[in-house]
Amino acid sequence: MDKEFCSCEAYSHEQSLDQFMVGLEKRNPGEPEFHQAVKEVMSDLIPFVKENLEYSETCILERLTEPDRIISFRVTWEADDGSVRVNRGWRVQFNNSIGPYKGGLRFHPSVTQSVLKFLGFEQILKNSLTGLPMGGGKGGSNFNPKGKSDREVMRFCQAFMTELHRHIGPNTDIPAGDIGVGAREVSFLFGQYKRLANEFTGTLTGKSLEFGGSLGRTEATGYGCVYFLNHMLEHADEEISGKTIAVSGSGNVAIYAIEKATELGGKVVTASDSGGFIHDPDGIDAEKLAFIKDLKEVKRGRISEYADKYSSATFHEGRPWSIPVDIALPCATQNEINEAEAETLIKNGVKAVSEGANMPTELPGIHAFKKAKILFGPAKAANAGGVAVSGLEQSQNALRLSWSKEEVDGRLRDIMEDIHSKCVTYGEAETDDPVDYVKGANIAGFIKVAKAMNAYGTM
Ligand code: NDP
Ligand code: 2IT
């Protein structure tokens, strides 16, 4: 990297987080989400690297925050009325030091290069934490699947893959789902990949069971988030049973977080979408959750319809964090808990937060939770179960075998337990404060990647 932007020498001269961020922001103007994600990680890594010169001497932090490459492309497709539409597609191939690039695709109108860079950057450390050989990547488009017909979504996915296919492969880059990309989209994408590449390999994960998908992948992120929560609570001599829980979102991650939290004896009283949230003081039981699954996964309806169906529930605009609960599971999107909302949760007695979504808590919100000594499970640890089971799907595809649901769930549980232990190792406080899971996850995720980067020499 250009010496002008490389400040590795400065580590030994007490380079501050602020100095690092000035350089990063100068190199990446207009990318606030990327800046935010890097700042959160660097507040732990800069002090760590200062004490571990093998990393500072090789400029690792600057190299880690510069993607290997970003592919940006036009996606042209035809709507049902015959009109021609143009969207932008991206794949951010961030870092493949410990394995092929791996990470989801997001289709949402809010997608920008900044959003995909923040997600790809987080994915590097998340994937490292799983212990599986996966590098970090992310992709997507500003395409909005909402309100589109199945045929329109199919044509968009085929057009998107027509360009993307030349950049991915089972040993190169393995995309998967994220917001707006579920079983329907992955199927269209995989079908087009298979056609163009003339190969049947595990190049996408989150596939349906008929063509190489893994049992347990659909549930993995939500279940994993609750397994992580459970470990945090047990480590602090607490348990989920009997706790009241607020969940945001009502998509893939939220649905299975609600399912597992309820199974373990918690009472989930909220769910949301971009239109608002429902509050059901009686709790979302298995029957009500089946209604949400059908509403969201089949009918593609709005969460407000839950309150029309169940008289125990009310619908409100905004986000669910004003409801008094013991536990918060943000499972919708980034920056959905701001400082004021974190303070409200704290005032109302929240004990633990486990992030199902990526970067759902703004930085001042994280600081507020830490200051109040709330158990706080950061996304890269708490939601790693999804990509972990994607890694298991890759293993099954490579072996041309499929494992039972119990086998996959057993491995997921082991991986989440292991991630929790790594966070404790690097985040345990010397005082009787709770474990700093943010610091633990950042440092544990970093070490493996940094060691690999150093082993390869300067590149
Ligand atoms: P889905 O598309 O299945 O669901 C997303 C949910 O979040 C919907 O209820 C959606 O509401 C809501 N939502 C999305 N954007 C906004 C917004 N700007 N404001 C309010 N609500 C919003 O996505 P997933 O459940 O897969 O993903 C949710 C989060 O989990 C994301 O942060 C994703 O990156 C993360 N994640 C996902 C993994 C996976 O395996 N799927 C793995 C790890 C993390 P609406 O329908 O109104 O848009
Ligand atoms: O953010 C994430 O970890 C995901 N969207 C899942 C990625 C994957 O490759 O399964």
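Just so it is clear, the values below take in all heavy atoms, side chains as well, and ignore hydrogens, waters and symmetry mates. Just follow the structure's listing: the first ligand is 1, and inside any ligand the first atom is 1. One-based numbering along the sequence shown.
- Residue-to-ligand polar distances keep Lys138 apart from ligand 1: every N/O pair is separated by 3.5 Å or more.
- Heavy-atom proximity to atom 1 (O) of ligand 2, evaluated over Lys102, Lys380, Arg217, Lys126, is greatest for Lys126.
- For Ser390 and Arg217, the side-chain atoms include at least one donor-acceptor pair closer than 3.5 Å.
- Nearest to atom 36 (N) of ligand 1 by heavy atom, out of Val389, Asn358, Ile179, is Asn358.
- Regarding atom 47 (O) of ligand 1, its nearest protein heavy-atom neighbour is Ser274 OG, 2.4 Å.
- Under the 3.5 Å distance criterion, with hydrogens and angles disregarded, a donor-acceptor pair is assigned to the side chains of Thr205 and Lys102.
- Close N/O approach between Val253 and ligand 1 is found [any backbone or side-chain N/O within under 3.5 Å].
- The aromatic rings of Phe190 and Phe200 sit perpendicular to each other, their planes meeting at more than 60°, with 30° as the lower class boundary.
- Considering backbone and side-chain N/O of Lys126, none are found under 3.5 Å from N/O of ligand 1.
- Heavy atoms of Asn358 found under 4.0 angstrom from ligand 2 belong exclusively to the side chain.
- In this structure, the ring of Phe188 has its center no less than 6.0 angstrom from the ring center of Phe160.
- For ligand 1, none of its N or O atoms has an N or O atom of Gly249 under 3.5 Å away.
- Ranking the protein heavy atoms by distance from atom 2 (O) of ligand 1 puts Gly180 N, 3.0 Å first.
- Looking only at atom types and distance, the side chain of Ser402 has no donor-acceptor partner in the side chain of Gln396 under 3.5 Å away.
- Heavy-atom distances between Gly222 and ligand 1 stay at or above 4.0 Å for every pair.
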Problem set entry | Verdict with supporting geometry, Tyr437 and His420, ring-ring contact (aromatic ring centres under 6.0 Å, His included) | CA-CA 8 Å; Tyr437 287 97; His420 180 266; 5.3 Å; yes

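- Residues satisfying the side chain to side chain donor-acceptor pair (under 3.5 Å) criterion with Asn383, sequence neighbours excluded, are Lys126, Asn358.
- Counting heavy atoms closer than 4.0 Å to ligand 2, residue Lys138 contributes side-chain atoms (C-beta onward) but none from N, CA, C or O.
- Considering backbone and side-chain N/O of Asn252, one or more are found under 3.5 Å from N/O of ligand 1.
- Using a 4.0 Å heavy-atom cutoff, Gly356 is listed among the residues neighbouring ligand 1.
- When only interatomic distances are considered, the shortest N/O to N/O separation between Gln334 and ligand 1 does not fall below 3.5 Å.
- Taking the six-membered ring for Trp and thresholds of 30 and 60 degrees, Phe121 and Phe94 have ring planes inclined between 30 and 60 degrees apart.
- At least one protein heavy atom sits closer than 4.0 Å to atom 39 (C) of ligand 1.
- Summary of contacts: the protein heavy atom closest to atom 9 (O) of ligand 1 is Ser250 N, 3.0 Å.
- A donor-acceptor contact shorter than 3.5 Å links the side chain of Ser248 to the backbone of Cys331.
- The existence of a salt bridge linking Glu78 and Arg85 is excluded, since no basic side-chain nitrogen approaches an acidic carboxylate oxygen closer than 4.0 Å.
- Met359 does not count as a contact of ligand 1, since none of its heavy atoms falls under 4.0 Å from the ligand.
- The protein heavy atom nearest to atom 17 (C) of ligand 1 is Thr333 CG2, 3.5 Å.
- Taking 4.0 Å as the cut-off, Lys146 counts as a neighbour of ligand 1 on heavy-atom distance.
- Note on Arg155 versus Asp80: salt bridge recorded, some NZ/NE/NH1/NH2 to OD/OE distance being below 4.0 Å.
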